[in-house]
Amino acid sequence: MILKKLQLVALFTLLSLSSVFAQDVQHLKKLQQQFVDLRFGMFIHFNIPTYADADWPDPEASPSLFNPTKLNCDQWAKAAKSANMTYGCLTTKHHSGFCIWDTKSTDYNVMNSPLKRDVVKEYVDAFRANGLKVMLYYSILDTHHKLRPNQIQPSHIEMVKTQITELLTKYGKIEALIIDGWDAPWSRITYDDVPFEDIYHLVKKLQPDCLLMDLNGAKYPGQGLYYTDIKTYEMGAGQHMEKASNYMPSLACLPIQSSWFWKTDFPTTPVKDATKLVNDQLITLNDDRCNFILNVAPNRDGLFDDNALEGLKAIGKLWKNTGPVAALPDLDAPIISQNLAKNMPANSSWSDDMNISDFANDDSFRSSWTSSPTVKQPWLEISFKRETGFNTIVIAENRANINKYKLEYYVDGAWKTLLDGEIAKNVKVHRFNRLWANKVRIQILGYNRTPSISEFEVYNEQR
C-alpha cells in the first residue's frame, strides 16, 4: 500500500513537471512572437572602441579615453523613431571589457571616465520616454579582465553573473539580453567553459519575460534552437537564413555604416542606401519571421552623425510597421545544456567510406556519419564512460530524411526501448523523464535516402 502511494506521488510529480515545462514553452512562444512582431530596431555600438578607430581596442586602454562631451541619448531615441523602429539595444560591455554603467564588479567602468555618468540608465530612460522598448547587449569575451580561452577562472563566471544581475535589476524591464563572444570561432569560449545553462536560468530568474539570444549560433542548424531563444544572423559576417523557408523566430543584424563602432571617416562616408535596406533587407526579413536590427554608431561626442540621421529619416519615409508578422508554429524549447555525447566513443553499423560513426558526435554540424547504402536497418550508438543520467536526445540531420526510428538505452546488461520516433524534421528533439544508462542507440527503420546523422546529442537538462 505504501509502495503504491509512493508510485502515485512520483507519477503526480512527473506529470506536474511536464505540465510546468509545457507552460514554459508556451510562455516562451508568446515572447518570441512579440519579438518578431517588433520587426525593426536600432543596435547602438558605443564604448571604448569608439575612441580607438577600431572595433577591438587595446584591452588596457584607459577609461580616460571615454569622454562623450555632448552625450544625448534622446537624440538616439528620436532618430530611431524617425525610422519607425520599435526598440533599441545598447552595448553595455564589448569584448574589451569596459562597462558603461555604474557597476560594482570592476573599476574598469564609465564612473571612472571623465563622463562619470551611467550611460545605460540614460539610454533606457530616453528610449522609454520616446515609447521605445529597450534591450541590452553584453559580451562574455572580456580581454581586459582576462576572460579569454584557457584562462577562465571561477571568479570570471561570478563576475559575469554579477554584471548580468546588475543589468537585469537596476534598469526596469529589459525585453532581451543579446549575448556575444560565446562559442564563436574567434572567441573560443565554449558553453561549457562559461556554463550556458546556469546563465540562462539566472536571466529567467531575474526577468522571466526577458529573451536571451546569443549572436554566435551560426554553427547550429537553421531549423533548431540551440543556446538561444531567437535564431541570430550577423549578415556582415556572411550569416544568412534560407529565404522563404524560415519558421524560427529570428534576428538579423547589419550596420548602417561600414562597421559596428564609429570610425573617423564615418561623417564623410555615405551610409548604406535606404531603399536597398528597406526592400532587400527589412521587408524580406520580416516576411520570413525575422526581426531586423540596424546598427548606428554614435561618434566621440556621443551623437549620431548627420549622414546617419538623414539615412534613418529616409528609411522612415519608405517603411512603416504594418503590425504582426506571420504566426510562429509550435516549437521545441531551446537546447541550453551540455552535450553529454560530444566526443564520447561511438559505434555503428557499416559506414559509407570514411564517414564513420565518430562524425556523429564531433560537435560539428558540417560533418556526418553516413550509413553504407548496403545496410537496410542502420544503427548508431554512443557509449558513456560511466552510467550517466539524461533526459533529452536530439538527432540532427543536414536535411530531413530519417522518418522512423527507435531510441534505446543500455543498462544492467541489456538494451531497453526508450521510444519509437517518427519526427520527419531535420532536427528531432525528444524530451522525457530522466533515466540512467551506459549507452544510447538509434535504430533507423525508415528513410528516404541513405541515412546520415550530423550530430547525435544527449543532454541532462535542469528541469
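Between the Gln207 side chain and the Gly172 main chain, a donor and an acceptor come within less than 3.5 Å of each other. Side chain of Asn291 to main chain of Phe35: a donor-acceptor pair is present (N/O by atom type, distance under 3.5 Å, no hydrogens or angles). The main-chain N or O of Ala297 is found under 3.5 Å from a side-chain atom of Gln257 such that the two form a donor-acceptor pair. Between the Thr450 side chain and the Pro373 main chain, no donor and acceptor come within less than 3.5 Å of each other. With hydrogens and angles disregarded, a donor-acceptor distance shorter than 3.5 Å links the side chain of Asn426 to the backbone of Glu397. The backbone N or O of Leu328 sits less than 3.5 Å from a side-chain atom of Gln33, completing a donor-acceptor pair. A donor-acceptor distance shorter than 3.5 angstrom exists from the side chain of Lys320 to the backbone of Gly316, with no hydrogens or angles considered. Not one N or O on the side chain of Tyr405 forms a donor-acceptor pair closer than 3.5 Å with the backbone of Tyr447. When atom types are taken as modelled, the side chain of Thr143 and the backbone of His95 share a donor-acceptor pair closer than 3.5 angstrom. Although no hydrogens or angles enter the test, the distance criterion places no donor-acceptor pair under 3.5 Å between the side chain of Gln443 and the main chain of Gln377.
Side-chain contact between Pro334 and Leu28: present, with at least one pair of heavy atoms (C-beta onward) separated by less than 4.5 Å. Annotation: side chain of Tyr220 is not in contact with side chain of Ile335 (no heavy-atom distance under 4.5 Å). Taking the side chain as every heavy atom from C-beta outward, Ile315 and Leu294 approach each other to under 4.5 Å. With a 4.5 Å cut-off on side-chain heavy atoms, His430 and Val394 do not count as touching. Using a 4.5 Å cut-off on side-chain heavy atoms (C-beta onward), Arg434 and Asn460 make contact. Between Val411 and Trp436, every side-chain heavy-atom pair lies at or beyond the 4.5 Å cut-off.
Of the candidates Asn398, Asp362, Asn355, Asp362 is the only one forming a side-chain hydrogen bond (donor to acceptor under 3.5 Å, both in side chains) with Ser367.
Between Lys263 and Asp55 there is a salt bridge, with a side-chain nitrogen of the basic residue lying less than 4.0 Å from a carboxylate oxygen of the acidic one. Using a 4.0 Å cut-off between charged side-chain N and carboxylate O, Asp183 and Arg188 make no salt bridge. Taking the charged nitrogens against the carboxylate oxygens, Asp229 and Lys204 do have a contact shorter than 4.0 Å, which makes a salt bridge. The pair Asp192-Lys342 counts as a salt bridge, with a side-chain nitrogen and a carboxylate oxygen less than 4.0 angstrom apart.
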Next item on the list: Decide yes or no on side chain to side chain donor-acceptor pair (under 3.5 Å) for Glu457 and Tyr226, but give the supporting numbers first.
Entry: CA-CA 12 Å; Glu457 311 153 44; Tyr226 287 84; 2.8 Å; yes
Notebook entry, point to check: Given the rule in the side chain to side chain donor-acceptor pair (under 3.5 Å) test, do Gln281 and Lys276 qualify, once you have shown the distances and angles that lead to the verdict?
Noted result: CA-CA 7 Å; Gln281 310 296 344; Lys276 289 184 178 180; over 6 Å; no
Checklist line | Residue pair Thr374, Trp350: steps toward the side chain to side chain donor-acceptor pair (under 3.5 Å) verdict | finding: CA-CA 8 Å; Thr374 63; Trp350 186 17; over 6 Å; no
Notebook entry, point to check: Could you walk me through whether Ile199 and Lys161 pass the side-chain contact (heavy atoms from CB on, under 4.5 Å) check?
Noted result: CA-CA 7 Å; Ile199 303 302; Lys161 291 180 178 179; 3.8 Å; yes
Checklist line | Trace of the salt bridge (charged side-chain N to carboxylate O under 4.0 Å, His left out) decision for Asp363 with Lys219 | finding: CA-CA 9 Å; Asp363 198 34; Lys219 81 174 188 181; 3.1 Å; yes
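Legend: residues meeting salt bridge (charged side-chain N to carboxylate O under 4.0 Å, His left out) with Arg441, ordered by chain and number and at least two apart, are Glu408. The side-chain hydrogen bond (donor to acceptor under 3.5 Å, both in side chains) check on Thr103 picks up Ser105, Glu166, with sequence neighbours excluded. Checked against side-chain contact (heavy atoms from CB on, under 4.5 Å), Asn361 has the following partners two or more places apart in sequence or in another chain: Met344, Ala346, Ile382.
Here Ile189 contributes atom CD1 and Leu141 contributes atom CG; the two are 4.5 Å apart, rounded to the nearest 0.5 Å. A distance of 7.0 Å separates CD1 of Ile395 from CD1 of Ile423, quoted to the nearest 0.5 Å.
Ring to ring, Phe196 and Trp182 are close: their centroids are under 6.0 angstrom apart. Side-chain rings of Trp76 and Phe46 approach one another, their centers coming within less than 6.0 Å. Not less than 6.0 angstrom separates the ring centroid of Tyr87 from the ring centroid of Phe127.
Few gaps surround CH2 on Trp56; more than 12 heavy atoms of other groups in view lie less than 6.0 Å from it. Atom CG of Asn150 has 12 or fewer heavy atoms from other residues, nucleotides or ligands within 6.0 Å.
Using the six-membered ring where Trp is involved, Phe384 and Phe390 have ring planes that are tilted, between 30° and 60° apart. Ring orientation note: the planes of His45 and Tyr137 are tilted relative to one another, at an angle of 30° to 60°. Using cut-offs of 30° and 60° for the angle between ring planes, the Phe292 and Phe40 rings count as parallel. In this pair, Trp101 and Tyr138 present their aromatic rings tilted. The plane angle is within the 30 to 60° band.
Relative to the six-membered ring of Tyr410, Lys439 meets both conditions, a distance below 6.0 Å and an angle of at most 45° to the axis.
Shortest non-hydrogen contact noted between Pro249 and Ile230 is O-CG2, 3.4 Å.
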